[in-house]
There are 2 protein chains.
Amino acid sequence: MTSVQGARARARIEVTAAIKDEARRQLAAEGAAKLSLRAVARELGMVSSALYRYFPSRDDLLTALIVDAYDSVGADAEAALAASRGADAPARWVAVCRAVRAWALAHPHEYALIYGSPVPGYSAPRDTVGPASRVGLTFITIAQDAHRRGSVALPPLADELRPEAARLADEFAPDLPPALVVALVAAWSQLFGMVSFEVFGQFNRMVENRDAFFTAAVRRLAHDTGLIVRPAP
Amino acid sequence: MTSVQGARARARIEVTAAIKDEARRQLAAEGAAKLSLRAVARELGMVSSALYRYFPSRDDLLTALIVDAYDSVGADAEAALAASRGADAPARWVAVCRAVRAWALAHPHEYALIYGSPVPGYSAPRDTVGPASRVGLTFITIAQDAHRRGSVALPPLADELRPEAARLADEFAPDLPPALVVALVAAWSQLFGMVSFEVFGQFNRMVENRDAFFTAAVRRLAHDTGLIVRPAP
DNA sequence: CGATTTTGAGAGCACTGCTCTTGTTTCGGC
DNA sequence: GCCGAAACAAGAGCAGTGCTCTCAAAATCG
């Protein structure tokens, strides 16, 4: 297929990767606001206009970095999920949450890029929705496994939320009870609230033992979602 | 005091206010990234260098806007708290949470400024910590009232979190049980997780009936914190 | 080989934050 | 009322930005 596609195509993907690497380096060093196309080109020994052959605009470069960042957290979350195979549902939930937090603390600027304020004129392009959902799918997988094994205690569901819950479940996990799905979405967003507060410094001079705080809170989140410990028969 | 302080000082605070107003307008229209000192000056009919007499740098202007934004949400939250006087604790919690969310949806760019990724070289200046804590203090007030009336069911507290909880309570609300304080901090950050996801578009093409979803989730947050309904004797 | 597409290089445009210098206006003490 | 000091507006200018355009070199394909 595209394997032996001439030196040209090969060079192109190499240069594209080099640009993204250097951009990621600047992102980690200075943040998205200070990411400069000219500086990236300069560091790579090319002229700024040449860079536009690879990314039609600065925002497109950022979009590429966004996709990569989503894939990076997503991969870490999935790895944590795989590594926790066999554990009970709450433990797996906590493991994935801790993986997400660890990734965020290790890549604060990339985290800010995807879970902070939308940087450009915003409106995320279509390419991002796939990678963006990988973490969420991890949680759904945990819930599905737990539900299959009967280790779910259905959380309460407010009456006025019932239609929304049914729609949500139908769209994302038809095999799961609606109450579980909406609880999952809530816990998902709440998890990122805690991670964002920590990464963005809102816990400064307040929470000290963040590891213990986070773990306890996230365990409670699992409980709220309905995930319970139930040893295999 | 500083009341009749000459036309000079008077003009200064007027110009300062005009600059902030115009900056806020541009902020709402285009976002923090595109806020331009020159454009603000242009719109105000002055030259860009003159603006530096009022704000020594662009970041200082942004800091001023940040403080104002914190005060704005804080005021709304406090108003909601005052308006809910007499209601039971969970109802008051929900009322304040809804006020915060409403403010965020009405001022998305200002919300992004204070609860999104830190924009400048970050590290919030000292002036911001006072206004920034107003919303949190609102929640502490609710908890204190509830605790005084006995309408709190203490949430569980993990052993490894006990020292942290004691320290936290001692620093922020010595009259409250430590378990309640850490639960409060967790719920506080989780609340902003949901608001951020809604404002930043993470719920797009997913949650439709966001009002019902948010209210139900936030009610559960109150329950997690230990706030319970208990009619006055 | 020749024609075509892809790439790099350079100049240039309009814009940004910010500094410095030059006059002008306002203020407080005599 | 006068006069030095402080505050101020204005303009020019610097270094940097994203992005467009043109033009030559290089790789690709018929």
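Source: prediction; values computed, not measured. Throughout, protein chains are lettered first and strands after them, A, B, ... in sequence-line order, and every chain is numbered starting at 1.
Rounded to an integer number of Å, the gap from CG of B:D60 to P of C:dG17 is 13 Å. Look at CD1 on B:I13: it is 16 Å from C1' on D:dA7, rounded to the nearest Å. Taking atom CZ on A:R10 and atom C1' on C:dT6, their separation rounds to 17 Å, with Å as the unit. If you measure from atom NZ of B:K34 to atom C1' of C:dG17, you get 17 Å, rounded to the nearest angstrom. When the C1' atom of D:dG16 is taken as reference, atom CZ of B:R38 falls 12 Å away, rounded to whole Å. Per the geometry, CD1 belonging to B:I19 stands 12 Å off C1' belonging to D:dA9, to the nearest Å. Between the P atom of C:dC18 and the CG atom of B:L61 lies a distance of 10 Å, rounded to the nearest Å. Residue A:Q26 contributes atom CD, which lies 13 Å from atom C1' of D:dG16 at whole-angstrom precision.
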Identify each donor-acceptor pair in which a side-chain atom of residues 21-28 of chain A lies under 3.5 Å from a protein atom, sequence neighbours left out, and give them as a table.
unit_1, atom_1, unit_2, atom_2, d
A:D21, OD1, A:R24, NH2, 3.3
A:E22, OE1, A:R25, NH1, 2.5
A:R24, NH1, A:D68, OD2, 3.3

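Within residues 39-52 of chain A, the residues having any heavy atom under 4.0 Å from DNA chain C are, by residue number, A:M46, A:V47, A:S49, A:A50.
Taking only side-chain nitrogens and oxygens, A:S36 never comes nearer than 4.0 Å to OP1 or OP2 of D:dG16. The phosphate of D:dC8 (OP1 or OP2) has a side-chain N or O of B:R12 nearer than 4.0 angstrom. Phosphate proximity of D:dA7 to B:Y54: absent, as no side-chain N or O sits under 4.0 Å from OP1 or OP2.
Contacts of B:F55 with the nucleic acid, taken as non-hydrogen atoms under 4.0 Å apart, are absent. In this structure, B:L35 reaches the sugar-phosphate backbone alone: every heavy-atom distance under 4.0 Å involves primed, P, OP1 or OP2 atoms, never a base.
Although no hydrogens or angles enter the test, the distance criterion places a donor-acceptor pair under 3.5 Å between the side chain of B:R58 and the main chain of B:L35. Using a distance-only test at 3.5 Å, with no hydrogens or angles considered, a donor-acceptor pair links the side chain of B:S117 to the main chain of A:S117. Using a distance-only test at 3.5 Å, with no hydrogens or angles considered, no donor-acceptor pair links the side chain of A:R92 to the main chain of A:A82.
Salt bridge annotation for B:E14-B:R10: absent, with no cationic side-chain nitrogen under 4.0 angstrom from a carboxylate oxygen.
In this structure, CH2 on A:W103 lies 8.5 Å from CG on A:D76, to the nearest 0.5 angstrom.
Ring geometry for B:Y115 versus B:Y111: interplanar angle of 30 to 60°, hence tilted.
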